[in-house]
K.L.:
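There's a structure below that I have some questions on.
Heavy-atom basis, side chains included; hydrogens, waters and symmetry copies ignored.
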There are 2 protein chains.
Amino acid sequence: MSRQTTVTITDVAREAGVALGSVSNAFNHPDKVRPETLARIREAADRLGYAPNQSARMLAGGKNRLFGLILPSLDHGVSLQIANGANAEARKHGYGLLIATAQTDEEIAHRYRDYFMGTQTAGILMQPPAVLNWQPPAHPPRIPLAFLDIQCDVPGHFVAADNFALGELLARHAFKSGAQRVAIIGKPSLNRLVLRVKGMEHAFTTESDCAFEVVEEGAWNSAHDGLDLGRRLAERPEDTRPDFIIALTDTLATGAISGVRAAGLRVPGDIRVAGCDGNPLAWTGPVPLTTIAPIGYELGRRGVHQLIAQIEEEPEHEPENHQELVRPFLLARASTGMNRSDDFADPDIDISGYL
Amino acid sequence: MSRQTTVTITDVAREAGVALGSVSNAFNHPDKVRPETLARIREAADRLGYAPNQSARMLAGGKNRLFGLILPSLDHGVSLQIANGANAEARKHGYGLLIATAQTDEEIAHRYRDYFMGTQTAGILMQPPAVLNWQPPAHPPRIPLAFLDIQCDVPGHFVAADNFALGELLARHAFKSGAQRVAIIGKPSLNRLVLRVKGMEHAFTTESDCAFEVVEEGAWNSAHDGLDLGRRLAERPEDTRPDFIIALTDTLATGAISGVRAAGLRVPGDIRVAGCDGNPLAWTGPVPLTTIAPIGYELGRRGVHQLIAQIEEEPEHEPENHQELVRPFLLARASTGMNRSDDFADPDIDISGYL
DNA sequence: TTGAAAGCGCTAACAC
DNA sequence: GTGTTAGCGCTTTCAA
């Protein structure tokens, strides 16, 4: 038996000896079917291996308790955290989550977006690719939509870390831990990096008399460039050498630590080093890195909230800007001397807890 | 304008002043439409913000160049690798990939499976949850289906690391590096762990006269239990103390290294330690860990191959068992003394390359 | 409670 | 090439 390609609702109805409509009710409004009939229908469905054709369901007007999440990749720390946060929160509210990765290819991202829209997904979450001055599509979306990990002031829904506050936080950590000369390294080639730098500059100039410089060099996400920068800074004569390095990303920071040590200096003994983006993937170096607590999970959670809010609220007459900012927290560890660097695997850097 | 809920193909046809069928052709068989008409249609579609209703498309008989991937979670090293491998391979063959995580909940996994089947997904890939004696569902699938990270001999398609060979590989590494007394630690509570142990036992007994014992204690994936075991083994009197520890998982191994060091012994100086499952998430300890090269990416790739093969081949009359085994490779690093443990962030443990 | 019938938006086959 | 039409499988009225 069952060498047939497709089992339809009609087959189940025939098998159970009831009308088609009753089978539909059995699945969608079980309370409207007499229990005994319901049992017979379920049993018939099982025997036949019936799985409803979702396309037909949706077409006929069903709602889909499913969100779509479009990520540029799945190997970057934040994306993974977003996926897990969004998944947990969606589940909590009775929704499922489908994740797609677009490999930073706009064309592919569009295709997934159209697919999700075209299958009556309840909402779409999207982390835009890491490009400077990214802008959301002009067309107002036809279904709930929110963008993650991006600060933006055009109409739409956006969730991101408060990168300005994040910059301030790290700057304060630097001068409170006694830094005299701070070097901020990394090219601010993304809006969020620019905001971090602004936050740092603001805190340094208004709250301290600590000297600082911005070394705008190297790719924003290259451990190799970090190593190079770290070494060069460490090799400066002692009177111009920074005693604290803030790297705009953790990857850069990890590289910088290696660079400083390659130049024969100690971290945090001679130079303290901090990262900026709570990226557990970069936490594999010999010194546990001070950085921001990973925030992606929270971004994912809040994104789902935004979606649910859009579903429940009246649609807006005038599209407005909804920017939600998540407050960052510092993770003070050995690389800035705020925590012992012991011999054991530091439980703080069991990264699996952060993914 | 466009305050309308849905834009249909009819709207586009009217807007472009052509018949409905031409719009359909414009999207699905552009070559069947006069270029000038095509341009007019595309422009109208754009202006209206038209996105085809995928449900209707599928219902009407379209094929979906999309695979579904169901994972127990996204925080375990292998799952992430699978996702990336499957994604890359799918893309290469012109398919998309939708990823869902079931949180080890069979019920939810079923729901995603039914969803994928019900949306005419071209095929489904599934990594079963980590339970002993897992078995695939009895119903022969109606669409291409393959299971990843599992060795199984019932009818169906399965892809996994060759865990027996993996065990042999590690055992050989141990006795070739001069081990006299080996302790294998971890409870073999999953089929794949059992196979690893069998492989080790086989290699030890047939190829060496090295003494070995299996310490079946602790959860299979707990760094804490690893620490405990490592410490206890290190605290044994020198004549019964192992000089080589093979942990059944990397998480256990990382813990064990800390345990050995906590007991005042050195790794690899006094005791060498190796892991077993190429899980980059566990590579955060102070000593780079010898283990198997991460294999998940390859599992994902091969899984997609299996799916494509099923799509292209004739359906089988008699369902057969197709078990594909991926050959494991050793990643020899400092924890077994096969590689220098230098001061810098070891490029080998830049885990992002393995995810 | 149940059964019959009207579409949902689209594709493909057909006639023009 | 272009336009017309018959379903795809299901949900949801509406009568019975």
K.L.:
Rounded to the Å, how far apart are B:Asp31 CG and D:dG1 P?
P.N.:
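In whole Å, D:dG1 P and B:Asp31 CG are 9 Å from each other.
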K.L.:
Do the ring planes of A:Phe147 and A:Phe158 sit parallel (below 30°), tilted (30 to 60°) or perpendicular (above 60°)?
P.N.:
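If you compare the ring of A:Phe147 with that of A:Phe158, the planes turn out parallel.
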K.L.:
In this structure, how many angstroms lie between the C1' atom of D:dT13 and the CG atom of A:Leu20, rounded?
P.N.:
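Atom-to-atom, A:Leu20 to D:dT13, this comes out as 14 Å.
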K.L.:
Using modelled atom types only, decide if a donor and an acceptor are shared between the side chain of B:Asn28 and the backbone of B:Asn25 within a distance under 3.5 Å.
P.N.:
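Not at all, since once roles are kept as given, no pair shorter than 3.5 Å links the two residues.
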K.L.:
Could you tell me, to 10°, how much the axis swings from one end of the helix from C:dT1-D:dA16 to C:dC16-D:dG1 to the other, five pairs per end?
P.N.:
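End-to-end axis angle for the helix from C:dT1-D:dA16 to C:dC16-D:dG1: 30°, rounded to 10°.
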K.L.:
Mind telling me whether B:His157 and B:His322 have parallel, tilted or perpendicular rings, with 30° and 60° as the class edges?
P.N.:
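Taking B:His157 first and then B:His322, their aromatic rings lie parallel (interplane angle under 30°).
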K.L.:
When you match B:Gly17 and B:Ala56 each to their closest nucleotide on DNA chain D, which lands nearer the 5' end?
P.N.:
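Going by which nucleotide is closer to the 5' end, it is B:Gly17.
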K.L.:
Please report the distance, rounded to the nearest Å, between CG in A:Asn25 and C1' in D:dC14.
P.N.:
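Going from A:Asn25 (CG) to D:dC14 (C1'), I get 13 Å.
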K.L.:
Judged by modelled atom types alone, do B:Gln151 and B:Gln323 share a side-chain donor-acceptor pair under 3.5 Å?
P.N.:
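Short answer, no.
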K.L.:
Under 4.0 Å: is that the gap between some side-chain N or O of A:Asn53 and OP1 or OP2 of D:dC10?
P.N.:
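Negative; the distance criterion is not met.
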K.L.:
Round to the nearest Å and state the distance from B:Asp114 atom CG to D:dG9 atom P.
P.N.:
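From B:Asp114 CG to D:dG9 P: 17 Å.
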K.L.:
Quick one: how far along DNA chain C does chain B reach, first to last nucleotide 5' to 3', anything under 4.0 Å to a heavy atom?
P.N.:
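Taking any atom under 4.0 Å from a heavy atom of chain B, the span is C:dG9 to C:dA12.
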K.L.:
Without decimals, in angstroms, what is the distance between A:Asn64 CG and D:dT11 P?
P.N.:
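About 12 Å, once rounded to whole Å.
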K.L.:
If only side-chain N and O atoms count, and only distance matters, is there a donor-acceptor pair under 3.5 Å linking A:Asp114 with B:Gln54?
P.N.:
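B:Gln54 vs A:Asp114: no donor-acceptor pair found between side chains.
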K.L.:
Could you check whether A:Thr37 gets within reach of a base, just the sugar-phosphate, or nothing at all, counting any heavy atom under 4.0 Å?
P.N.:
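If one applies the 4.0 Å heavy-atom cut-off, A:Thr37 turns out to touch the sugar-phosphate alone, with no base involved.
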K.L.:
Thinking salt bridges, do B:Glu43 and B:Arg40 make one under a 4.0 Å N-O criterion?
P.N.:
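Salt bridge: no.
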K.L.:
Over 60° means perpendicular and under 30° means parallel, so tell me whether B:Tyr95 and B:Phe67 are parallel, tilted or perpendicular.
P.N.:
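B:Tyr95 vs B:Phe67 ring planes: parallel.
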K.L.:
Looking across every strand, which nucleic acid part, if any, lies under 4.0 Å from A:Ser22 by heavy atom: base, sugar-phosphate, or nothing?
P.N.:
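Counting heavy atoms under 4.0 Å across all strands, the contact made by A:Ser22 is with sugar-phosphate only.
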K.L.:
Taking any heavy-atom pair under 4.0 Å as a contact, classify B:Phe27: base, sugar-phosphate, or nothing.
P.N.:
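Since no nucleic acid heavy atom lies under 4.0 Å of B:Phe27, the category is nothing.
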K.L.:
A:Thr101 side chain to A:Gln103 main-chain N or O, any donor-acceptor pair under 3.5 Å?
P.N.:
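No; judged by distance alone, with no hydrogens or angles, the pair does not exist.
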K.L.:
Under 4.0 Å: is that the gap between some side-chain N or O of B:Arg34 and OP1 or OP2 of D:dT2?
P.N.:
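B:Arg34 to D:dT2 OP1/OP2: side-chain N or O found under 4.0 Å.
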K.L.:
Would you please say whether a donor-acceptor pair under 3.5 Å links the side chains of A:Asn64 and A:Arg57?
P.N.:
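The answer is no; no qualifying pair exists.
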K.L.:
Given atom CG of A:Leu59 and atom P of D:dG7, what is their separation to the nearest angstrom?
P.N.:
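For the pair A:Leu59 CG and D:dG7 P, the rounded distance is 17 Å.
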K.L.:
Within this structure, what is the CD1-to-P distance between A:Ile41 and D:dT11, rounded to whole angstrom?
P.N.:
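My rounded result for the distance is 12 Å.
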